[in-house]
Amino acid sequence: MGGRTGAYEAVISHDTSLLAAGKLKQFDAVYLNNTAGIPVDVFSEPELREGFAAYIRDGGGLVANHATSVASPKWAEFIEMLGATGAAHRTAEERSG
């Protein structure tokens, strides 16, 4: 949609180095989606934590989707940013309804 309207350009990547302070400046917002397990802690490096926290404090946007609540489960400031932590899926044998 952004490309069609010219409103924005989306950058889709699995490269966590884009979350470094110097690189975040190019983005208005970060969309974290399906962040479970790869790597186990997205923000395991102190430099990424510091840079990302500063980005958010300075007005950068954050959109969080599937499994983001487990992206950095031991980082208290990230949990506060999201307002949530932890998640669980049903087992393969469970059925809804």
Gap separating the CD atom of Glu45 from the OG1 atom of Thr16, nearest 0.5 angstrom:
6.5 Å
Do Met1 and Tyr8 have side chains that approach each other closer than 4.5 Å (heavy atoms only, starting at C-beta)?
yes
Taking C-beta and beyond as the side chain, do Arg49 and Leu19 meet within less than 4.5 Å on heavy atoms?
no
Considering all heavy atoms of both residues, which atom of Pro73 and which atom of Val70 are nearest to each other, and what is their separation?
CD-O, 3.4 Å
Hey, could you give me the NE2/CG distance between His66 and Asn33, rounded to the nearest 0.5 Å?
8.0 Å
Using side chain to side chain contact (heavy atoms under 4.5 Å, CB included), reason through Leu24 and Leu18 one step at a time and then give a plain yes or no.
CA-CA 6 Å; Leu24 278 171; Leu18 290 174; over 6 Å; no
Value for CG (Leu32) from CZ (Phe78), rounded to nearest 0.5 Å, stands at 5.5 Å
Between CG on residue Asp58 and NZ on residue Lys25, distance to nearest 0.5 Å
9.0 Å
Kindly check if the number of other-residue, nucleotide or ligand heavy atoms within 6.0 Å of CG (Asp28) is above 12?
no
Side-chain contact, heavy-atom cut-off 4.5 Å: Ser72 with Val42?
no
Are Trp75 and Phe52 packed together at the side-chain level, in the sense that at least one heavy-atom pair is separated by less than 4.5 angstrom?
yes
Hydrophobic clusters here meaning ILVMFWY residues chained together by side-chain heavy-atom distances under 4.5 Å, can you tell me if Leu48 and Met81 are in one?
yes
Once rounded to the nearest 0.5 Å, what's the spacing between atom CG of Asn34 and atom CG of Asn65?
8.5 Å
Looking only at atom types and distance, does a side-chain atom of Tyr55 sit under 3.5 Å from a main-chain N or O of Ala29, one as donor and one as acceptor?
yes
Around atom CD of Gln26, are there more than 12 heavy atoms from other residues, nucleotides or ligands closer than 6.0 Å?
yes
Smallest heavy-atom separation, Ala21 atom then Gly51 atom, equals CB-CA, 3.7 Å
Using links of under 4.5 Å between side-chain heavy atoms of ILVMFWY residues, direct or through other members, which residues join Val63 in one cluster?
Tyr31
Quick one, Leu82 and Leu62 - any side-chain contact, counting heavy atoms below 4.5 Å?
yes
